[in-house]
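Worksheet: one structure, shown below.
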Amino acid sequence: MKTLVIVMHSLTGGTRQMAEAAASGAAREPLVSTRLLSASEAGPDDLLSADGYLFATPETLAGIAGLMKDFFDRAYYPTLGRIQGRPYASLICAGSDGHNAARRIARIAAGWRLREIAEPLIVCTRAQTKEAILAPKTIAAADLALCADLGEALAAGLAAGIF
Ligand SMILES: Cc1cc2nc3c(=O)[nH]c(=O)nc-3n(C[C@H](O)[C@H](O)[C@H](O)COP(=O)(O)O)c2cc1C
């Protein structure tokens with residue numbers, strides 16, 4: 001049995017829906033156990049005990065969300081040199097961009113020597129005004145399907161020993 005861990009943070013629900021969709025996609029693979037963790041509760045042991053990773057964050061202030069940064073800060077050195085080669089992918093929920101958050105995760109993963117198995121999946125909610133940014137988000141079914149497919153692909157690759 002392989003383990004996929006999804007580490008996520010969400011302020012207004014968009015990233016949470018994406019991460020949950022990815023988890024349900026991964027659950028289609030019976031040989032992989034999927035754990036969906038909030039960034040604030042996740043730590044280095046969760047990475048050490050998993051075989052692959054999905055990192056899911058909103059883009060905030062042209063970067064990853066603060067609690068995701070806190071997770072990476074806490075987990076980076078305790079796991080450095082112990083998880084290299086493991087597969088990962090990222091989910092980004094953004095108002096209008098998302099690429100800075102994706103680049104930041106890619107830099108951290110490169111330091112860990114993780115293997116990126118897919119391009120970052122960026123979903124833009126088109127939230128531009130203060131009111132829209134602070135409102136609860138509803139991610140479109142088509143985008144959730146892409147998240148589910150990514151979760152399934154990661155899990156299937158783990159189960160098959162491809163990654
Ligand atoms: C403080 C703050 C800063 C933000 N900065 C950005 C940004 O730099 N780029 C962007 O595309 N979206 C930005 N957004 C919009 C969020 O990425 C967007 O609302 C997204 O849906 C949040 O994901 P969530 O629903 O999982 O919290 C920002 C939102 C907040 C609250």
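Note: hydrogens, waters and symmetry copies are ignored here, and every other heavy atom, side chains too, is used. We count ligands from 1, going down the list as the structure has it; atoms in each ligand are counted the same way.
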ask   = Does R35 pair with D46 as a salt bridge, N-O distance under 4.0 Å?
value = yes

Quick look: T125 vs ligand 1, heavy-atom contacts under 4.0 Å, and the answer is side chain

Under 4.0 Å between heavy atoms, the region of K137 that gets near ligand 1 turns out to be side chain

Run down the list [options] and name the one with the heavy atom closest to [atom].
| atom | options | result |
| --- | --- | --- |
| atom 2 (C) of ligand 1 | T60, V123, T57 | T60 |
| atom 15 (C) of ligand 1 | P136, G63, G95, A56 | G95 |
| atom 8 (O) of ligand 1 | A62, G13, A101, C124 | A62 |
| atom 30 (C) of ligand 1 | L11, N100, I133 | I133 |

Query - K137 and T125: CA distance, side-chain angles, deciding distance, side chain to side chain donor-acceptor pair (under 3.5 Å) verdict - result: CA-CA 7 Å; K137 303 298 183 294; T125 56; 5.3 Å; no

Checklist entry - Does E59 reach the main-chain N or O of D97 with its side chain, forming a donor-acceptor pair under 3.5 Å? => result no

| field | Donor-acceptor pair, side chain of R113 and main chain of A109, under 3.5 angstrom | value | no

Between I92 and I64, is a side-chain contact (heavy atoms from CB on, under 4.5 Å) present by the stated rule, with each step listed? CA-CA 9 Å; I92 313 292; I64 58 176; 5.7 Å; no

- Does atom NZ of K69 have more than 12 heavy-atom neighbours from other groups under 6.0 Å away?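 No, not enclosed.
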
Quiz item: Atoms of ligand 1 less than 4.0 Å from S96 heavy atoms?
Solution: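 So the answer, numbered in order with elements, is 10 (C), 11 (O).
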
Should [X] be counted as touching ligand 1, given the test is an N or O pair under 3.5 Å?
| X | value |
| --- | --- |
| E59 | yes |
| H9 | no |
| G14 | yes |

Exercise for review: Give every residue pair that meets the ring pair (Phe, Tyr, Trp, His ring centres under 6.0 Å) criterion with at least one member in residues 110-145, sequence neighbours excluded.
Suggested key: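 Listed once each, the pairs are F72-W112, Y76-W112.
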
